[in-house]
Amino acid sequence: MKIKATVLREMGKEAPYAKSKPLSIETLELTEPQANEVLVKIKATGLCHSDLSVINGSRPRPMPMVLGHEAAGEVVKLGENVRDFEIGDHVVCTFIPSCGHCIPCREGRPAMCEKGAAANAKGEMLGGGYRLRSESENTMHHLLGVAGFSEYAVVSTNSIVKVDKDISFEKVAIFGCAIITGIGAVINTAQVRPGSTVAVIGLGGVGLSAILGAKLAGASEIIALDINEDKFTLAKELGATQVFNSSSDDVVEELKEYVTGGVDYAFETAGVVPAMEVAYKITKRGGVTTTTGLPDPKHEFAIPQVTLAAEERTIKGSYVGSCVPERDIPHFVNLYKQGRLPVDELLTDTIALEDINEGFDRLARGEAARLVVIMS
Ligand SMILES: [Zn+2]
Ligand SMILES: [Zn+2]
């Protein structure tokens, strides 16, 4: 079938993207879903920094590629052997398909799925190959097995989670990346205990979700840090008890004065080394520093090694919030429906697909927690 989709052909074009237009909206051919795949009519897809990292080339992927991974939509066609989904199901896409059979999958760590990671690195589907092509190109890569900036997507059943129909697509889409990454880092990876002190550095969609997670976990202090003070109002509305400008020279001393000795748990969600350095320094002796950020692979983070043993420190990495999406997405949606997760606040704006380049400018400038493309 012919579909409209957003194609990236060249990474690293100069911002502003409204001018350089790295993303073009094109008509592509989408093949039928194969075994264990479904055709999803995409309804809403969020703009995420992981898309931006491909656009600016800091996390290179094979080109050309259809971007978009924080997507939600409706199942409209089933491939062979699909048992767990029906036509009409509302689904959220997850950005690492899990095969269910490799060792990490068997250990209950689907975010570490070996086959899923290999397929994502190649820009292929979990079942191998591609389902998209253009008139002149037989190979059109899928970002993270989703390729969600598109009218329709063929996705593996291992890339989707069924969700309730009484939550709007533009809100439920955010659960597929920002929410599970941010809340998951707090609840699953760091396992924050009630009464403990938390700091979150980097107040994008993931960082703000981590604040929501810290509140859910019963943290006694939730300290929000960013280089952009415009983000502090929303952070406070979501549960931050104090804010600090992380670019200030004295931020570490000031924070350690506010919470004596530093916080029990710090979360770095900005994906840059200076943020990770602050996160580590503001974690107290015996504390846990967790990072969800995905910096340029060439950038290195250095620490005095002695602090690990002498101060019994822990550094943790968190991918997809160490989540089991089939378990955690419905669980978090349920908390949202109970009014305990104000996800509405994270949705800054909805935009049309035609405005996607401008949307990435807004995301790059830090003007939005989450912008979501509404597919008509
Ligand atoms: Zn994302
Ligand atoms: Zn696996």
Side-chain angles (χ1 to χ4, degrees), residues 6 8 36 42 44-56 58-59 61 65-72 92-122 124-128 142-149 153 155-161 170-185 202-210 269-271 291-295 318-326 328-329 332 343 346-348 356 359-360 363-364 368-373:
T6 310
L8 179 71
N36 305 307
I42 301 291
T45 304
L47 275 61
C48 173
H49 273 94
S50 304
D51 299 298
L52 194 57
S53 306
V54 183
I55 294 171
N56 68 25
S58 63
R59 280 180 69 79
R61 298 273 174 183
M65 178 174 263
V66 174
L67 300 190
H69 61 283
E70 198 179 68
V92 168
C93 297
T94 60
F95 59 87
I96 174 150
S98 53
C99 73
H101 303 292
C102 70
I103 298 290
C105 281
R106 298 252 190 226
E107 287 174 343
R109 301 181 72 189
M112 292 293 103
C113 175
E114 288 160 5
K115 275 182 88 174
N120 280 359
K122 286 192 270 186
E124 286 187 12
M125 299 287 289
L126 184 67
H142 302 248
L143 178 67
L144 303 173
V146 178
F149 293 132
V155 292
S156 163
T157 51
N158 295 322
S159 288
I160 51 174
V161 173
E170 69 267 27
K171 284 175 193 150
V172 83
I174 303 175
F175 285 77
C177 179
I179 292 287
I180 58 167
T181 303
I183 298 183
L203 302 176
V206 173
L208 293 168
S209 299
T269 67
T291 176
T292 68
L294 297 169
S318 179
Y319 194 54
V320 205
S322 315
C323 279
V324 178
E326 289 84 352
D328 293 332
I329 291 178
F332 296 152
V343 173
L346 292 186
L347 179 59
T348 313
I356 194 160
F360 277 107
L363 192 73
R370 264 306 187 259
L371 295 170
V372 175
V373 171

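Counting starts at 1 for both ligands and their atoms, in listed order.
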For the residue pair [X] and [Y], what are the closest heavy atoms and their distance?
{"X": "Ile96", "Y": "Asn120", "value": "CA-ND2, 3.7 Å"}
{"X": "Cys323", "Y": "Pro110", "value": "O-CG, 3.6 Å"}
{"X": "Met65", "Y": "His142", "value": "CE-O, 3.7 Å"}
{"X": "Gly293", "Y": "Thr291", "value": "N-OG1, 3.2 Å"}

### Task
Compute the angle centred on the Zn ion (ligand 1) spanning NE2 of His69 and SG of Cys48, and express it rounded to 10 degrees.
110°
### Query
SG/Cys48 to CG/Leu371 distance, rounded to the nearest 0.5 angstrom?
11.5 Å
#### Entry: ring pair (Phe, Tyr, Trp, His ring centres under 6.0 Å) partners of His69, counting only residues at least two apart
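His69: ring pair (Phe, Tyr, Trp, His ring centres under 6.0 Å) contacts with Phe95.
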### Query
Do any protein N, O or S atoms sit under 2.8 Å from the Zn ion (ligand 2), and which ones are they?
Cys99 SG, Cys102 SG, Cys105 SG, Cys113 SG
